[in-house]
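What follows is a single structure, written as structure tokens, with notes after it.
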Amino acid sequence: MPPKKKAEVRGMAQLKKELDEGTVRNLYLLYGSERYLLRQYRDLLLKKLVNDGDTMNFSSYQGTSADIRTILSDLSTMPFLAEHRVVLVESSGFFTKSVDELTDGLAELPDTGIVIFVEPDIIKSTETSKGVDKRGRLFKLFDKAEGAFCFDAPDDGTLRSWITAKLSENGKKIENGVPNRILAAVGSDMSMLEMELEKLISYTLEKDAIRVEDVEAITVTLAEDKVFDMVDAISEKNTEKALLLYNDLLDLREPVMKILYLIARQYQILAQVSQMLSDNTPKENMAKLAGFMPFLRGKYTSLASAYTMHQLLSACDACLAADQAIKSGQLSDRNALERLILDLLAL
């Protein structure tokens, strides 16, 4: 007996082709880990299927507000002066459980009804689980109708092409190595990549070409971003968020000593900014004096204002004590860092 042919996983390329060709389906399921692409193609579908300002023939539901009977009722109602009635349902969780009523109802969907489900992978703390169960009847209904489209993180080659295209759209020539340097600094999350590209384009506004040194000058690494957000969470006494960001850094395989160094550096910069604010130092001089990029000035001045100088100096002392505890062998690096975070939260 010949081996069973593996089912094709439809994704971005197929949906883009259908949108370009004008193909319209009644059942759409967009799922996967890449939330940037999920949002992008959700919006492209809505632009194609729903007329601007048409609230009569469009309804949307999110999470627990998605009621099965309401969804089916909306889809079975005849559209008003339009070809279709469109219902958008996001992060419903329906594709991870048995929902026979919904599956049976959608199997009898009238031609005038179009439903779009957007089900990203579920992220809880440091654990990620799939937003769809491909064994379920509901997924199989969409898969059989060829309306299920997977949006997982693109490979590095695809991301390099996407980065190059985004920069070229703004009339920029790209030096060899620029896409790789951006990926190395930011990672593969497309939402973060887009934000960094916007900053890079603004930074090189008067230049014809973007070079590697421009990327190094403007792109904030993922680790530095997360450490800054951790310090921000600590200032708000948000223990849960601070520990979540710490776990994210460990998941990124950042060395513990690097995390400690970045935390200490943030508090040193904040202490300098706090002193400069007290001294009425001109804002345009702060970045150069404290050693951060000028576009981050607003973030640093805002966060420095959330602390007293005594707290900032105590935080710097605590970072130094943690470093000494590790180097003297009194504590393991993980224990010292975790104790430091708790000490900072207690300031």
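Values reported hereafter were calculated over all heavy atoms of this structure, with side chains retained and with hydrogens, waters and symmetry mates removed. FYI, the numbering just counts along the sequence from 1.
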Looking only at side-chain N and O atoms, does [Y] offer a donor or acceptor that is under 3.5 Å from a partner on [X]?
X: T204; Y: D214; answer: no
X: T158; Y: D155; answer: yes
X: D100; Y: T103; answer: no
X: S59; Y: D74; answer: yes
X: T112; Y: E83; answer: no

Trace of the ring pair (Phe, Tyr, Trp, His ring centres under 6.0 Å) decision for F117 with F95:
CA-CA 10 Å; F117 281 94; F95 287 83; 5.2 Å; yes
Pair [X] + [Y]: basic N to acidic O under 4.0 Å:
X: K327; Y: D323; answer: yes
X: K199; Y: E194; answer: no
X: D133; Y: R135; answer: yes
X: K134; Y: D143; answer: no
X: K47; Y: D43; answer: no
X: R297; Y: E284; answer: no
X: K226; Y: D248; answer: yes
X: E236; Y: K241; answer: no

Under the 6.0 Å and 45° cation-pi test, does K299 pair with F228?
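Output yes; distance and angle both within limits.
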If you measure from CD1 on I71 to OG on S76, what distance do you get to the nearest 0.5 Å?
12.0 Å
Using the side chain to side chain contact (heavy atoms under 4.5 Å, CB included) rule, take H84 and N57 through it: C-alpha gap first, then chi angles, then the decisive distance, then the call.
CA-CA 7 Å; H84 301 100; N57 298 296; over 6 Å; no
Applying side chain to side chain donor-acceptor pair (under 3.5 Å), run through S92 and E119 and close with a yes or a no.
CA-CA 7 Å; S92 68; E119 302 292 332; 2.7 Å; yes
